[in-house]
Colleague: 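Encoded as structure tokens, here's the structure I'll be asking about.
Lettering of chains follows the sequences in order, A, B, ..., and the numbering in each one begins at 1.
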Number of protein chains: 2
Amino acid sequence: MGTRYSIRDLADEFDVTTRTLRFYEEKGLLSPKRDNQVRNYSNADRTRLRLILRGKRLGLTLEESSNIILMYDPVNQNTNQLLALIEKIQEKRNQLIEQQKDLELMLQDLDDAEQRCRESLKFTDKR
Amino acid sequence: MGTRYSIRDLADEFDVTTRTLRFYEEKGLLSPKRDNQVRNYSNADRTRLRLILRGKRLGLTLEESSNIILMYDPVNQNTNQLLALIEKIQEKRNQLIEQQKDLELMLQDLDDAEQRCRESLKFTDKR
DNA sequence: AATTACGTTTACGTTAACGTCAAGCTGATG
DNA sequence: CATCAGCTTGACGTTAACGTAAACGTAATT
């Protein structure tokens, strides 16, 4: 434990550029320690990066990912804030469930498309 | 059948601006008939729009959506093209399945986050 | 000591996906 | 007939998410 990563370590591991990591930091999505001005990432930073990139793959903006990450750690909040947070979480979950439906529809469409392709192949072969 | 739509009909139905529809046309994603210079959309156009917007919700670029839509109609292709198309379809499906996994992970994370929220609420109530 | 390899900040450039005018045409309506 | 709503085609503006290049510091290697 206590593993630490350079900017290059993370860039290589997650296949992003160092520019991207600096940009995420500029936007407040990451805030690695500095060793004499040099960025030094913790496992927590690494996890946040994973979440950001997962969000990206799902089509979220960086701001959305940022907001979601904030939901993960409900420390030091009063009751009203916690209730508001639960609202937001449920809303985001509903959005994701809608997205799940879209995704299955597209998978179904692709299956149909492949079937039609194979049908076309049959005729193409016959001649 | 044979229903036709004005640019406003579609814009209102799908909650996009007319600018968006013209932009999609400019990019070759839609090509409605013209009645005396005025755009006149068919059910096929409407379906394509639905597919484009579904792609957007899944985080696809317009070009990706465009490519996928091309896969849906394998008319007039030779054997090699059909085989290549099947390859593409399977590749896209694999990507979507990866995305499905990301999505379930995020749903799981959100559930966990909500649980932690409710835990915090308990303590907040106790005092 | 000079080169190489990596890091830093600063700043301007780029692309996708539209938004936002401007200027004009067209058909219906008071 | 005037005017108004709704369509058209440019054309320039905007934002997110980086890319790219300049100019510099530093540590290790030759």
Colleague: Please list, in 5' to 3' order, the outermost nucleotides of DNA chain D lying under 4.0 Å from any heavy atom of chain A.
Modeller: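 Going 5' to 3' along DNA chain D, contacts run D:dA17 to D:dT20.
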Colleague: Identify the residue among A:Asn40, A:Asp35, A:Asp9, A:Asn43 that makes a side chain to side chain donor-acceptor pair (under 3.5 Å) with A:Arg4.
Modeller: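 That would be A:Asn40; it is the only one of A:Asn40, A:Asp35, A:Asp9, A:Asn43 passing the side chain to side chain donor-acceptor pair (under 3.5 Å) with A:Arg4.
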Colleague: If only side-chain N and O atoms count, and only distance matters, is there a donor-acceptor pair under 3.5 Å linking A:Gln108 with A:Asp112?
Modeller: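 On atom types as modelled, these side chains qualify, holding a pair under 3.5 Å.
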Colleague: Of the options A:Arg8, A:Arg50, A:Arg46, which is the one that meets A:Glu13 in a side chain to side chain donor-acceptor pair (under 3.5 Å)?
Modeller: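 Result for side chain to side chain donor-acceptor pair (under 3.5 Å) with A:Glu13: A:Arg46.
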Colleague: In whole angstrom, give the distance that lies between atom CG of A:Leu21 and atom P of C:dG7.
Modeller: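 To the nearest whole Å, that distance equals 10 Å.
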Colleague: Classify the nucleic acid contact of B:Arg8 as base, sugar-phosphate or nothing, counting any heavy atom under 4.0 Å across all strands shown.
Modeller: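 Contact class for B:Arg8: sugar-phosphate only.
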Colleague: So, for A:Leu103 and B:Leu96, which heavy atoms are closest and what is the spacing to 0.1 Å?
Modeller: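 Closest approach of A:Leu103 to B:Leu96: CD2-O, 3.5 Å.
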Colleague: Looking only at heavy atoms, what is the nearest atom pair of B:Ser65 and B:Ile52, with distance?
Modeller: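 Closest pair (atom of B:Ser65, atom of B:Ile52, distance): OG-O, 3.8 Å.
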Colleague: Quick one: A:Asn40 CG to C:dT8 C1', roughly how many Å, whole number?
Modeller: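 These atoms are roughly 15 Å apart.
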Colleague: Decide, yes or no, whether a salt bridge links B:Arg116 with B:Glu119 under the criterion of side-chain N to carboxylate O below 4.0 Å.
Modeller: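 Salt bridge: no.
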Colleague: Kindly give the atom pairs (protein nitrogen or oxygen, nucleotide nitrogen or oxygen) under 3.5 Å for nucleotides 26-29 of chain C.
Modeller:
none

Colleague: Please report the shortest heavy-atom distance between A:Leu10 and A:Leu21, naming the atom on each side.
Modeller: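 Looking at all heavy atoms of both residues, the closest pair is CB-CD1, 3.9 Å.
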Colleague: Give a yes or no answer on whether the side chain of B:Glu114 reaches the backbone of B:Asp111 with a donor-acceptor pair at less than 3.5 Å.
Modeller: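 Here the side-chain-to-backbone pair does not exist.
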Colleague: Ignoring hydrogens, what is the shortest heavy-atom contact between B:Lys92 and B:Glu64? Give both atom names and the distance.
Modeller: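 That closest heavy-atom pairing would be NZ-OE2, 3.9 Å.
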Colleague: Starting at atom CD of B:Gln37, determine the distance to atom P of C:dG24, rounded to an integer number of angstrom.
Modeller: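 Roughly 17 Å, once rounded to whole Å.
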Colleague: Does anything in residues 44-71 of chain B reach DNA chain C, meaning a heavy atom under 4.0 Å, and if so which residues?
Modeller: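 Going residue by residue through residues 44-71 of chain B, the ones with a heavy atom under 4.0 Å of DNA chain C turn out to be B:Lys56, B:Thr61, B:Leu62.
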Colleague: Look up atom CG in A:Leu82 and atom SG in B:Cys117, then write down how far apart they are to the nearest 0.5 Å.
Modeller: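 One gets 5.0 Å once the value is rounded to the nearest 0.5 Å.
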Colleague: Dump every N/O contact between nucleotides 19-23 of chain C and the protein below 3.5 Å, one line per pair.
Modeller:
from: C:dG19; atom 1: OP2; to: B:Thr17; atom 2: OG1; distance (Å): 2.6
from: C:dG19; atom 1: N7; to: B:Arg19; atom 2: NE; distance (Å): 3.3
from: C:dG19; atom 1: O6; to: B:Arg19; atom 2: NH2; distance (Å): 3.1
from: C:dT20; atom 1: O4; to: B:Arg19; atom 2: NE; distance (Å): 3.0

Colleague: Send over the distance from A:Phe23 CZ to C:dG13 C1', rounded to a whole Å.
Modeller: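 Taking atom C1' of C:dG13 as the reference, CZ of A:Phe23 is at 14 Å.
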Colleague: A:Arg22 near the nucleic acid: base, sugar-phosphate alone, or nothing, with a heavy-atom cut-off under 4.0 Å?
Modeller: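 Result for A:Arg22 = base.
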Colleague: In chain order, what residues pass the side chain to side chain donor-acceptor pair (under 3.5 Å) check against B:Arg48, with sequence neighbours excluded?
Modeller: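 With sequence neighbours excluded, B:Arg48 shows a side chain to side chain donor-acceptor pair (under 3.5 Å) to no residue whatsoever.
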Colleague: Tell me, please, which residues at least two apart from A:Glu63 pass salt bridge (charged side-chain N to carboxylate O under 4.0 Å, His left out).
Modeller: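 Result, salt bridge (charged side-chain N to carboxylate O under 4.0 Å, His left out) vs A:Glu63: none returned.
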